[in-house]
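So that the names make sense, note that chain A is the first sequence line, chain B the second, and so on, each numbered from 1.
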Number of protein chains: 2
Amino acid sequence: MIDINKQLRSKSYSVPCELCSVGSICIPMLLKNTLHTVLDRKQSFLKNEVIVKEGDPFEKFYIIHSGAVKTYVTVNGVEQINGFYLPGDIVGFDCIVTKKHNNSIKALSNTLTCELKYNELMELIVNNPDARETIFNLMSQDIINYQKLVLSYSQKNAEEKLAAFVCGLYTQYAKRGHTSLNIKLSMSRTDIANYLGLTIETVSRIFSRMQDLNILAVKGKYISIKSISALFDLAAEKN
Amino acid sequence: MIDINKQLRSKSYSVPCELCSVGSICIPMLLKNTLHTVLDRKQSFLKNEVIVKEGDPFEKFYIIHSGAVKTYVTVNGVEQINGFYLPGDIVGFDCIVTKKHNNSIKALSNTLTCELKYNELMELIVNNPDARETIFNLMSQDIINYQKLVLSYSQKNAEEKLAAFVCGLYTQYAKRGHTSLNIKLSMSRTDIANYLGLTIETVSRIFSRMQDLNILAVKGKYISIKSISALFDLAAEKN
DNA sequence: CGTCTACTTGAGTGTGTTCAATGGTAGTGG
DNA sequence: CCACTACCATTGAACACACTCAAGTAGACG
């Protein structure tokens, strides 16, 4: 039996509404008091809880308020991680066309989500140009992020991939207002390796090497960026 | 001086309107005779012609009618290919949020495009639920394709990547009604290698190996699939 | 027919993997 | 509080796949 109170005690970053992905549609709508039909605020999930199973019918977009989730597919019983989502991120644009979830979603830590009901949202955007523009922009940005990720995968070696991964985490938190050089990894080394297409040993070795080079200090799930410029240099594309 | 007539002589697949990505909005609109404000039909480009330069202002989506294009970014003078687009494909959803082109677009062979004006399209979808749904579905599908590509990159070895690439070409043509096992590669080995994150030598060697295994017959730009099932097996995710 | 470019093939090297052993840490129960 | 267990992470040694460098071949075009 899991002790819910104990699990929820661990603190994690949360994103204020102004810095959330859907902020620009969420806040004005909220003021007009019409969003309650569209948005379920602050649903909570425990660490390791499966929020959505691959194949489930698609009903809502999930916006991460605090905590973190991973999305993954299972092929021949093996998990293949598609992405990590941090506070302010929104999950589910791939589901519009399929009407079902293409990936499972699992909480990496205790997580609060705000959930946008798809059908109600689609009705909303008919008469709301701001909401419509926001959704198009979010989807378009999603596509850009994937394009960059594909390039990242196809052009980078292991060290560059991992550096880019850490830079991405830093940038993601920075965008949402947390500019600390100390980052807590919500995911395991196994998850990172899986996501980056490396082995856990390689991830471990590269973290050690970066520590030797005084770029990072690594202690379990906690990493501290010692030289942000060197880290970004490592992550950059090959010339 | 390029001999236009000669260049245009080479034949290539074209997609009938019913099988085009935007068919469901294009055809009915065309019947109601309102699409002429949105769609420029059959613009032609020569092989190697740059259709769009990275950074150009975003005005139109490009739908490939016949021929093929590649999209790429240039980093430190080096081209990094983002994707290949074949008849029926649509290019440009990443540009909605940036309002400019994030990638250059270049014709790989003589190419005809139908071009959808963005501003006019956005006005159209306000009052046209079918068009709106089509655009959302296309963008959502784009995201799914990128998700699969990312998995493909992170989980596959060189042989599996190339097999998946050829399967992708076959599937793409099949979806548009061309089920031939003979495929003409519009792109060079260099382009394929760049796109898959491999070297040209590795691509060449793997094509040779697949030929030895009687999976493909390779002759320059022409490949003939000898065993579609073996090819799909090779392309499959690792177990 | 010669030139230029694209592709293929070979030999040696290196990065990241595999296999294996060890070291840490968190959770559980005495 | 400490011991025990289980899981996760680190490190080492040997191997393999893909890369680099280099030479040779085929095809396109003037």
Side-chain angles (χ1 to χ4, degrees), chain A residues 1-7 9-10 46-48 70 78-79 81 108-110 153-163 165 184-212 216-223 234 238-239, chain B residues 1-7 9-10 47-48 70 78-79 108-110 153-163 165 184-212 216-223 234 238-239:
Chain A
M1 176 88 190
I2 299 170
D3 181 350
I4 293 179
N5 288 323
K6 185 175 179 187
Q7 291 239 3
R9 208 179 298 145
S10 75
L46 291 178
K47 178 174 177 171
N48 291 324
K70 65 176 173 184
V78 178
E79 198 173 281
I81 296 172
L108 293 168
S109 54
N110 298 323
Y153 270 126
S154 66
Q155 310 283 344
K156 284 178 168 55
N157 65 23
E159 188 172 66
E160 292 166 331
K161 279 186 196 175
L162 191 60
F165 177 73
K184 187 195 172 194
L185 300 172
S186 337
M187 66 294 289
S188 65
R189 299 284 190 279
T190 306
D191 279 350
I192 297 173
N194 181 317
Y195 177 64
L196 295 177
L198 302 171
T199 59
I200 179 176
E201 293 94 330
T202 300
V203 169
S204 188
R205 269 184 259 272
I206 293 173
F207 269 144
S208 300
R209 203 188 311 157
M210 285 179 175
Q211 190 156 239
D212 294 344
L216 296 179
V218 183
K219 175 113 183 159
K221 294 208 161 309
Y222 294 89
I223 61 179
L234 265 190
K238 292 187 209 178
N239 65 327
Chain B
M1 178 88 190
I2 298 170
D3 179 350
I4 293 180
N5 288 324
K6 185 172 180 188
Q7 290 238 5
R9 209 179 298 145
S10 76
K47 177 173 179 171
N48 291 325
K70 65 176 173 184
V78 178
E79 197 172 280
L108 292 169
S109 55
N110 299 324
Y153 270 125
S154 66
Q155 310 283 344
K156 285 178 168 55
N157 64 24
E159 188 172 66
E160 291 165 332
K161 280 186 195 176
L162 191 60
F165 177 73
K184 185 194 172 193
L185 301 173
S186 338
M187 65 294 289
S188 65
R189 299 283 190 279
T190 306
D191 279 350
I192 297 173
N194 181 317
Y195 176 64
L196 295 177
L198 302 171
T199 58
I200 178 177
E201 294 95 330
T202 299
V203 170
S204 187
R205 269 185 258 271
I206 292 173
F207 269 143
S208 299
R209 203 188 311 156
M210 284 180 175
Q211 190 157 237
D212 293 345
L216 296 180
V218 184
K219 175 114 184 160
K221 295 210 162 302
Y222 295 87
I223 60 180
L234 266 191
K238 292 187 210 177
N239 65 328

Whole-Å distance between [N] [atom2] and [X] [atom1]?
X: B:Glu159; N: D:dC17; atom1: CD; atom2: P; value: 10 Å
X: A:Asn194; N: D:dC8; atom1: CG; atom2: P; value: 13 Å
X: A:Met187; N: D:dC8; atom1: CE; atom2: C1'; value: 16 Å
X: A:Glu160; N: D:dC19; atom1: CD; atom2: P; value: 14 Å
X: B:Leu198; N: C:dG16; atom1: CG; atom2: C1'; value: 15 Å
X: A:Leu185; N: D:dC8; atom1: CG; atom2: P; value: 15 Å
X: B:Leu234; N: D:dC17; atom1: CG; atom2: C1'; value: 16 Å
X: B:Tyr222; N: C:dA6; atom1: OH; atom2: P; value: 17 Å

(message) Assuming nearest nucleotide by heavy-atom distance, tell me which of A:Thr199 and A:Lys219 is located more 5' along DNA chain C.
(response)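 Final value for this comparison: A:Thr199.
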(request) Would you mind classifying the nucleic acid contact of B:Lys221 as base, sugar-phosphate or nothing, using non-hydrogen atoms under 4.0 angstrom? (result)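 Answer is sugar-phosphate: B:Lys221 comes under 4.0 Å of backbone atoms only.
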(message) At a heavy-atom distance below 4.0 Å, what parts of residues 200-209 of chain A sit against DNA chain D?
(response)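 Within residues 200-209 of chain A, the residues near DNA chain D are A:Ile200, A:Glu201, A:Ser204, A:Arg205, A:Ser208.
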(request) Quickly, which of A:Asp191, A:Val218, A:Ile192 forms a side chain to side chain contact (heavy atoms under 4.5 Å, CB included) with A:Leu185? Name it, please. (result)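 Testing A:Leu185 for a side chain to side chain contact (heavy atoms under 4.5 Å, CB included) against A:Asp191, A:Val218, A:Ile192 leaves exactly one candidate, A:Ile192.
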(message) Out of the candidates A:Ile206, A:Leu216, A:Thr202, A:Leu234, only one should pair with A:Leu162 under the side chain to side chain contact (heavy atoms under 4.5 Å, CB included) rule; please name it.
(response)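 Looking at A:Ile206, A:Leu216, A:Thr202, A:Leu234, the match for A:Leu162 under the side chain to side chain contact (heavy atoms under 4.5 Å, CB included) is A:Ile206.
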(request) For the side chain of A:Thr190, starting at C-beta, report the closest nucleotide among C:dT8, D:dA9, D:dC19. (result)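 Minimum distance to the A:Thr190 side chain belongs to D:dA9.
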(message) Measuring only between side-chain heavy atoms, which start at C-beta, is B:Lys70 closer than 4.5 Å to B:Met187?
(response)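 Sidechains of B:Met187 and B:Lys70: no contact.
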(message) Is any side-chain heavy atom of A:Asn48 closer than 4.5 Å to one of A:Leu108?
(response)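 A side-chain contact is absent here, since even the closest heavy-atom pair is not under 4.5 Å.
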Kindly compute the distance separating [atom1] ([X]) from [atom2] ([Y]), expressed to the nearest 0.5 Å.
X: A:Ile81; Y: A:Glu79; atom1: CD1; atom2: CD; answer: 5.0 Å
X: B:Ser186; Y: B:Lys221; atom1: OG; atom2: NZ; answer: 8.0 Å
X: B:Gln211; Y: B:Lys219; atom1: CD; atom2: NZ; answer: 9.5 Å

